[in-house]
Protein chains: 2
Amino acid sequence: MTGQAADTIERRSGVSLWRQIADRILQAIAIGDLAENAALPPEVALAERYGVNRHTVRSAISALVQEGVLRAEQGRGTFVLSRKRLSYPIGARTRFSAGLQGQTSERHIVLLAFSVEPASQRVAEGLGLARGAEVIRLETRGEADGRPVSRAAAWFEAKRFAGIDKAMAQTGSITASLARFGIDDYLRQSTVLSARHADAADLADLDLQPGAIVLVTVAVNVTPDGQPIQFSESRFPAERVELKLSAL
Amino acid sequence: MTGQAADTIERRSGVSLWRQIADRILQAIAIGDLAENAALPPEVALAERYGVNRHTVRSAISALVQEGVLRAEQGRGTFVLSRKRLSYPIGARTRFSAGLQGQTSERHIVLLAFSVEPASQRVAEGLGLARGAEVIRLETRGEADGRPVSRAAAWFEAKRFAGIDKAMAQTGSITASLARFGIDDYLRQSTVLSARHADAADLADLDLQPGAIVLVTVAVNVTPDGQPIQFSESRFPAERVELKLSAL
DNA sequence: CACTATTTGTGCGTATGTATC
DNA sequence: AGATACATACGCACAAATAGT
């Protein structure tokens, strides 16, 4: 971000100063004046350059952080985010590791937590169980090249899949764990997709900045003969992942 | 939002004042103390209640607007947004009107604009044309019960579908328009899904507030024998729509 | 390890602009 | 026209995190 005179910031032009400054920064990124991961000048420097108060610069930066363009780190600076996204396939046979093969040099699933609990309304419905039936919940995080790319909770009928947590911890794979219970194949029966802002838990789990967006999928997996075995809710950081729908 | 003393807002507790106030408001909504579409007290009143500056209240409200919980309208007030979502089906035979049947009493597509232009890289690839080949672009908005639920751009080969804009204007249906060109059936070949914050155009087209999220699908439709006929990019307001994936 | 400089984060007070009723 | 309520902008002060010295 070199010269670019302050004189193009116009007061009482109908466009707020902070929006004009935000647009200037976007332009600088588009031109290549600000490269990916490059640091912006400090807020005070920008304020001086544009002849505005530091708060006004902060409003501009804040908007771009919300838009997923910048990342501000207290004590360090403000940086331009990279924009490449992994393409995560969703289809009849959605599998984490296989799906990302070729796009990353490394990927794996970490088991974060597990618990046995009574099924909530939606979990019971998804699995075709009575409400309150015992289910096992596995919390996992998917990572690719060291970066978190998904955060999922999966529920299984406790009676049928007792010990799946240990299998998961050992194998690091849902597919392999289910195989231990005689499930050689399973299919995606339904997927509902939505998006929202990341909440506090998402921010921590996925290493995101406040204001980041997560794609949320709620899915049911079934055996080839239609028996529900897994209910899951997955969250993907929208800035790092896109979903590619294939034959479902 | 009745009583709830200010004394639960704690200074130097490690949590910023604005975040504590935002959480209080979320709690009030969860409890039902603030109903859907209810107006919040004015900023100055909240500031006084919590014993903070008005700016601090504004930070809290601003965060909740970003999170899609509130909607601030200059000169009128700040309101709680409703949370019900339409479920938009995506599958092999994705059709706008048929998909929303049963969920809304009324839905239709409005043709906003059309143009003939040279195909961009991705459009050419999607349609299997040479880059720069002439294509027709249709801009449409989907509405259900008077609310915008989608905004789409669709591209067709100009040579083959000359006049599709008029068909679209008359019929208000892509399916019906394609039928005039001898396309009785078509299938969804590929769909890539992502999410981002709404840009200025989205805000205007979909009647959203700054900070709103849009789900974006990029899709190619083909004839049953695999010939690409339509490339499209659709945007759905995430606060009003979820996508339900069905057999693709 | 303490100290300092740098940089972003939080909060207050004030003034003025703009949209709505 | 006047009152109300949100939006923008400035200036000041201090807190918190980081990176060096």
Side-chain angles (χ1 to χ4, degrees), chain A residues 1 6 9-25 34 37-66 69-81 200 203-204 207-211, chain B residues 1 6 9-25 37-66 69-81 200 203-204 207 209-211:
Chain A
M1 197 146 166
I9 300 297
E10 290 174 12
R11 308 181 100 95
R12 60 185 66 74
S13 67
V15 180
S16 59
L17 297 184
W18 67 262
R19 187 67 256 180
Q20 291 183 57
I21 291 169
D23 290 339
R24 297 300 245 78
I25 293 171
L34 274 170
N37 301 317
L40 262 68
E43 295 169 348
V44 282
L46 289 174
E48 193 178 4
R49 170 184 308 179
Y50 293 120
V52 300
N53 190 273
R54 181 176 155 232
H55 278 312
T56 306
V57 168
R58 280 181 63 75
S59 293
I61 288 174
S62 167
L64 296 178
V65 167
Q66 294 296 339
V69 175
L70 300 178
R71 174 189 189 96
E73 293 181 39
Q74 184 172 169
R76 299 215 324 128
T78 302
F79 307 88
V80 180
L81 286 173
L203 299 181
D207 185 26
L208 295 170
Q209 293 286 105
Chain B
M1 193 145 164
I9 299 297
E10 291 175 10
R11 307 182 98 92
R12 60 184 69 76
S13 68
V15 180
S16 59
L17 298 183
W18 66 262
R19 187 67 257 181
Q20 291 183 56
I21 292 169
D23 290 340
R24 296 300 244 78
I25 294 172
N37 301 317
L40 262 69
E43 296 170 348
V44 283
L46 289 174
E48 193 177 4
R49 170 184 308 179
Y50 294 122
V52 300
N53 189 273
R54 179 173 158 240
H55 280 311
T56 306
V57 169
R58 279 182 62 75
S59 293
I61 289 175
S62 166
L64 296 179
V65 167
Q66 293 296 338
V69 175
L70 301 178
R71 172 190 189 96
E73 293 181 37
Q74 185 172 169
R76 299 215 322 128
T78 302
F79 306 90
V80 180
L81 286 173
L203 299 182
D207 185 26
Q209 294 286 107

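The structure presented is a predicted model; accordingly, all values stated were derived computationally and were not measured. So that the names make sense, note that chain A is the first sequence line, chain B the second, and so on, each numbered from 1.
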State, with a plain yes or no, whether a side-chain heavy atom of A:Gln66 is found less than 4.5 Å away from one of B:Pro210. no

For A:Val44, which contact category applies under a 4.0 Å heavy-atom criterion: base, sugar-phosphate, or nothing? nothing

Could you tell me the separation between the CD atom of B:Glu10 and the P atom of D:dA15, rounded to a whole number of Å? 19 Å

Touch check for A:Arg12, heavy atoms < 4.0 angstrom, all strands: base, sugar-phosphate only, or nothing? nothing

In whole angstroms, the gap separating P of D:dC6 from CZ of B:Arg54 amounts to 7 Å

Check side-chain contact (heavy atoms from CB on, under 4.5 Å) between B:Glu73 and all other residues, then give those that pass, not counting sequence neighbours. B:Arg71, B:Arg76, B:Phe79

Judged by nearest nucleotide, the residue sitting upstream toward the 5' end of DNA chain C, A:Glu43 or B:Val15, is A:Glu43

Interatomic distance where CG belongs to B:Leu17 and C1' belongs to D:dA15 [whole Å]: 12 Å

Looking at D:dC10, I'd like to know if its phosphate oxygens (OP1 or OP2) sit under 4.0 Å from a side-chain N or O belonging to A:Thr56. yes

Closest approach of B:Pro41 to B:Arg49 (non-hydrogen atoms, all atoms of both residues): CG-NH2, 4.0 Å

Would you classify A:Arg71 as touching base, sugar-phosphate or nothing, given that sugar-phosphate means primed atoms plus P, OP1 and OP2, and contacts are heavy atoms under 4.0 Å? nothing

Taking the side chain as every heavy atom from C-beta outward, state whether A:Leu34 and A:Ile25 have any atom pair closer than 4.5 Å. yes

At 4.0 Å (heavy atoms only), tell me whether A:Ile61 reaches a base, stays on the sugar-phosphate, or touches nothing. nothing

Given D:dA9, C:dG9, C:dG11, identify the nucleotide with an atom nearest to the side chain of B:Trp18. C:dG11

Once you round it to whole Å, what is the distance between P of C:dA19 and CD of B:Gln74? 6 Å

Using only modelled atom types and a 3.5 angstrom limit, is any donor from either the side chain of A:Arg11 or the base of C:dG17 paired with an acceptor on the other? no

Side-chain donor-acceptor pairs of residues 56-64 of chain A under 3.5 Å, sequence neighbours excluded:
from: A:Arg58; atom 1: NH1; to: A:Glu43; atom 2: OE2; distance (Å): 2.9
from: A:Ser59; atom 1: OG; to: A:His55; atom 2: O; distance (Å): 3.2

Nearest heavy-atom contact between A:Ala72 and A:Gln209 is O-NE2, 3.0 Å

Just N and O in the side chain of A:Arg76: are any of them under 4.0 Å from OP1 or OP2 of C:dT8? no

Starting from P on D:dA5, measure out to CZ on B:Phe79 and report it in whole angstrom. 11 Å

Within the structure, does a side-chain N or O atom of B:Thr78 lie under 4.0 Å from either OP1 or OP2 of D:dC6? yes

Is any N or O donor-acceptor pair between the side chain of B:His55 and the base of D:dA7 shorter than 3.5 Å? no

Name the residue closer to the 5' end of DNA chain D, choosing between A:Gln20 and A:Gly75 according to the nucleotide with the nearest heavy atom. A:Gln20

Polar side-chain contact A:Glu73-C:dG9 base: donor and acceptor under 3.5 Å: no

Rounded to the Å, how far apart are B:Glu48 CD and D:dA5 C1'? 15 Å

Figure out the CG/C1' separation between B:Leu70 and D:dA5, and round it to whole Å. 15 Å

Check whether any side-chain N or O of A:Asn53 sits under 4.0 Å from OP1 or OP2 of D:dA9, and answer yes or no. no

Please state whether the phosphate of C:dG9, meaning OP1 or OP2, lies under 4.0 angstrom from any side-chain nitrogen or oxygen of A:Arg58. yes

